[in-house]
Amino acid sequence: MAKEGKQGYVEHITSREEDFSQWYTDVIKKSELVDYSDVKGCMVIRPYGYGIWENIQKEMDGRFKATGHKNAYFPLFIPESLLAKEIEHVEGFAPEVAWVTHGGNEKLQERLVVRPTSETIICSMYAKWIQSYRDLPVLINQWCNVVRWEKSTRPFLRTSEFLWQEGHTAHLDYEEAQEETLKMLGVYEEFARNVLAIPVLVGKKSEKEKFAGAQSTYTMEAMMQDGKALQMGTSHNLGEHFAKVFDIQYLAKDGKLKYVNQTSWGTSTRMIGGIIMVHGDERGLMLPPKVAPIQVTIIPIAMHKEGVLDKAREVFSELQNAGFRVELDDRETQSAGWKFNECELKGVPVRLEIGPRDIANGQVFACRRDTLEKQALPLQGLAESVKELIEDIHVSMLEKAEKMRDERIFTATNFEEFTKGIVEDKGFVKAMWCEERECEDQIKEKTGATTRCMPFEQEQLSDVCVHCGRPAKSLTYFARAY
RNA sequence: CGGGGUGUAGCGCAGUCUGGUAGCGCACGUGCUUUGGGAGCAUGGGGCCGGAGGUUCGAAUCCUCUCACCCCGACCA
């Protein structure tokens, strides 16, 4: 933010309290994460924004390798007949698929859909690949783009085209598939916490909210600073459903022909939207150090003075060799103050200032993005202190997000409390629920909230269903959602 | 698809009510001085006012029709 009365400030960001939605739009544009394209609902991810995605990919892919998954690639186009094989699935996605009707000037015999997800094309291949129990499990992931022709769109949160990873596995039986489903949900949860510094709620989706064609869907839900929920990842146990449709059978040890049990799980560029809405503040982005494209920016002060630039370059090399993603901002065209503000807008975790005064004292001046606290760090052992600083930033960002989330989770044992939690306090509400669809619809209509997830650890809050008076079955989180 | 808004320089806007041939801030070019929280002075370049039609001597401004985008809802990672 600019100082009052100071001429020449560049960016103004709408206050979060004033208009969270506008704040979000301002931040992503002004920090150069994305731009709007000419095609409605498609975003241009600029290099700085893509850098976050690259780091997410790297971190997550490492985890997939550790759990034995391999990457592969399947086609962008899916023949209509293939998609249409699974009726529940096609009904779930039909309203939002993009069709290819022509190849060059010729009309195609059969229309193609641009994949909204790849279950069908992958299953059709699995049917060929899997013959025996010896071929199982199949553990494959793909990084790709998918297209869903959404009616209304928002950068990162809901775009016509988005980047994601989708894991597709095939297993011997239901139990093994279930284990895989929960294992990958666990991987996502750990990733969100340890990489994105976002604490999530995990649990099961209601029948209404579950994936088209899945036996059961599990989710991780994060709370944004305006109290709305963002689904940041899902993991589905598909059971034998797709196997029966696509005829994926194997010969078991006992000589019987059996259907495989499958899972699929995915996370997308939506997570970047989550990072922005969980951590950002009045100055702009605040990136968790593990995904920040630039972890440290070095800003030389009074660059023209003897030795300043040399020392800055020295520090740059030292940190780079120590493995940090570091940038030396030696542009002569911008003033130091301008660079400070830009760093904050773009959410760089650590800013180092090096000026004549610091050099004389054998130190650099460090400012951390999360608290904006400044401290002098001795040049001696700098890489180590920066490492500690960065680790500390991650921890304190996570703690802050955790506090923010917990403060806005309310418990309701009747509908008055429920409405208050959703409408007035604008948060998540924990309540007992009868698991009836009708009840879910009424809640949506009256409060705007949807069921987010049913947690694994069940506790008994009240015997009365929150709304409709039928016997309560499950503890459930409700919230408005993005 | 409903409800609300906005289209004027690269970005953000004023001007529209009450028609008179387009202005401000930032950004950009050049020169000098600056550089520890968005620098200063001087000087310069850039717009057929979203599009089409109409009214008028004259339209950014009034009328009609269109197109695009944004926000809030219904649908979704």
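Every chain is numbered from 1 and lettered A, B, ... according to where its sequence line falls, protein lines coming before strand lines.
Side chains of Arg452(A) and Thr476(A): a donor-acceptor N/O pair is absent below 3.5 angstrom, by distance only. Checking His168(A) against Glu166(A) by side-chain atom types alone, a donor-acceptor pair falls below 3.5 Å. Asp61(A) and Trp143(A) are linked by a side-chain donor-acceptor pair at a separation below 3.5 angstrom, with hydrogens and angles left out of the test. A side-chain donor from one of Asp26(A) and Gln22(A) sits under 3.5 Å from a side-chain acceptor of the other.
One finds no side-chain N or O of Arg351(A) lying less than 4.0 angstrom from the OP1 or OP2 phosphate oxygen of rG37(B). Phosphate contact (OP1/OP2 of rA77(B), side-chain N/O of Ser268(A), threshold under 4.0 Å): absent. Taking only side-chain nitrogens and oxygens, Thr267(A) never comes nearer than 4.0 Å to OP1 or OP2 of rA77(B).
Distance from the side chain of Trp338(A) is smallest to rG38(B) among rG38(B), rC71(B), rC76(B). The side chain of Ala336(A) sits closest to rG36(B) out of rG36(B), rA77(B), rG38(B). In this structure, the nucleotide among rA74(B), rA77(B), rG38(B) sitting nearest to the side chain of Gln231(A) is rA77(B). When distances run from any side-chain atom of Glu150(A) to the nucleotides rG36(B), rC76(B), rG38(B), the shortest one goes to rC76(B). Proximity note for Arg270(A) (side chain, C-beta onward) versus rG36(B), rG38(B), rA77(B): the nearest is rA77(B). Nearest to the side-chain atoms of Arg283(A) among the listed nucleotides rG73(B), rG37(B), rG36(B) stands rG37(B). Counting only heavy atoms from C-beta on, His304(A) has its side chain closest to rU35(B) among rA77(B), rA39(B), rU35(B). When the nucleotides rC76(B), rG38(B), rG36(B) are ranked by their closest atom to the side chain of Arg357(A), rG36(B) comes out on top. Of the candidate nucleotides rG36(B), rA77(B), rU35(B), rU35(B) has the atom lying nearest to any side-chain atom of Ala302(A). For Thr25(A), whose side chain is taken as the heavy atoms from C-beta onward, the closest listed nucleotide among rA77(B), rC71(B), rG37(B) is rC71(B).
Checked for salt-bridge contact, Glu344(A) and Lys346(A) miss the test: no charged N lies under 4.0 Å from a carboxylate O.
A 3.5 Å limit on both hydrogen-bonding distances identifies rG25(B) as the Watson-Crick or G-U partner of rC11(B). In this structure, rA68(B) forms a base pair with rU6(B), meeting either the Watson-Crick or the G-U wobble geometry with both donor-acceptor distances under 3.5 Å. Base pairing of rC57(B): its partner is rG20(B), meeting the Watson-Crick or G-U wobble criterion (both donor-acceptor distances under 3.5 Å). The partner of rG45(B) cannot be assigned: no Watson-Crick or G-U wobble pair with both contacts below 3.5 Å exists in any strand. Pair check for rU35(B) finds none; no Watson-Crick or G-U wobble contact set falls under 3.5 Å.
Nucleotide rC75(B) holds its C1' atom 15 Å from the CD atom of Glu91(A), rounded to whole Å. For the pair Glu96(A) CD and rC1(B) P, the interatomic distance rounds to 17 Å; values are reported in whole Å. For the pair Lys29(A) NZ and rC71(B) P, the computed distance is 11 Å after rounding to whole Å. His89(A) has its NE2 atom 13 Å from the C1' atom of rA77(B), to the nearest Å. Atom CG of Asn361(A) and atom C1' of rG36(B) are 13 Å apart (whole Å). In this structure, CG of Asp441(A) is placed 12 Å from P of rA74(B), rounded to the nearest angstrom. A straight line from CD of Glu221(A) to C1' of rC76(B) spans 13 Å, rounded to a whole angstrom. Distance Trp164(A) CH2 to rC76(B) P: 15 Å, rounded to the nearest Å.
Contact annotation for Leu157(A): base contact, defined as any heavy-atom pair under 4.0 Å involving a base atom. As judged by a 4.0 angstrom heavy-atom cut-off over every strand, Glu342(A) is placed among the base-contacting residues. If you check every strand for non-hydrogen atoms under 4.0 Å, Thr159(A) touches a base. Across all strands shown, Phe93(A) has no heavy atoms under 4.0 Å from either base or sugar-phosphate atoms. No contact: Pro95(A) has no heavy atom under 4.0 Å from any strand. Within the nucleic acid shown, Gly355(A) comes within 4.0 Å of at least one base atom, counting heavy atoms only. Lys374(A) comes within 4.0 angstrom of a nucleotide base, judged by non-hydrogen atoms across all strands.
Here the two rings, on Phe191(A) and Tyr188(A), have centers that are 6.0 Å apart or farther.
Nucleotides rG25(B) and rC72(B) place their P atoms 33 Å apart, quoted to the nearest Å. Separation of the C1' atoms belonging to rG50(B) and rC70(B) is 15 Å when rounded to the nearest angstrom. Between rA52(B) and rG45(B), the two C1' atoms lie 32 Å apart (nearest whole Å). A distance of about 26 Å separates the P atoms of rC76(B) and rG4(B), rounded to the whole Å. On the P atoms, rA42(B) is 37 Å away from rU6(B), given to the nearest whole Å. For the C1' atoms, the distance from rG19(B) to rU55(B) is 11 Å, rounded to whole Å. When the C1' atom is used for both rG46(B) and rG3(B), the distance is 39 Å, rounded to whole Å. For the P atoms, the distance linking rA22(B) with rU33(B) amounts to 38 Å, nearest Å.
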**Prompt:** Would Glu221(A) and Lys205(A) satisfy salt bridge (Lys or Arg N to Asp or Glu O under 4.0 Å), going step by step from the backbone distance to the final call?
**Reply:** CA-CA 10 Å; Glu221(A) 302 283 326; Lys205(A) 279 289 189 194; 2.9 Å; yes
**Message:** Run Tyr24(A) and Tyr482(A) through ring pair (Phe, Tyr, Trp, His ring centres under 6.0 Å) and show every step you take.
**Reply:** CA-CA 13 Å; Tyr24(A) 179 80; Tyr482(A) 275 99; 7.4 Å; no
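Ring-base stacking between Phe162(A) and rA77(B) is satisfied, the centre separation being under 5.5 Å and the plane angle under 30°.
Toward the 5' end of RNA chain B, the nearer of the two residues Lys444(A) and Pro300(A), judged by each one's closest nucleotide, is Pro300(A).
Enclosure of atom NZ in Lys208(A) by more than 12 non-hydrogen atoms of other residues, nucleotides or ligands within 6.0 angstrom is indicated.
Contact annotation: side chain of Arg148(A) to base of rC76(B), donor-acceptor pair absent below 3.5 Å.
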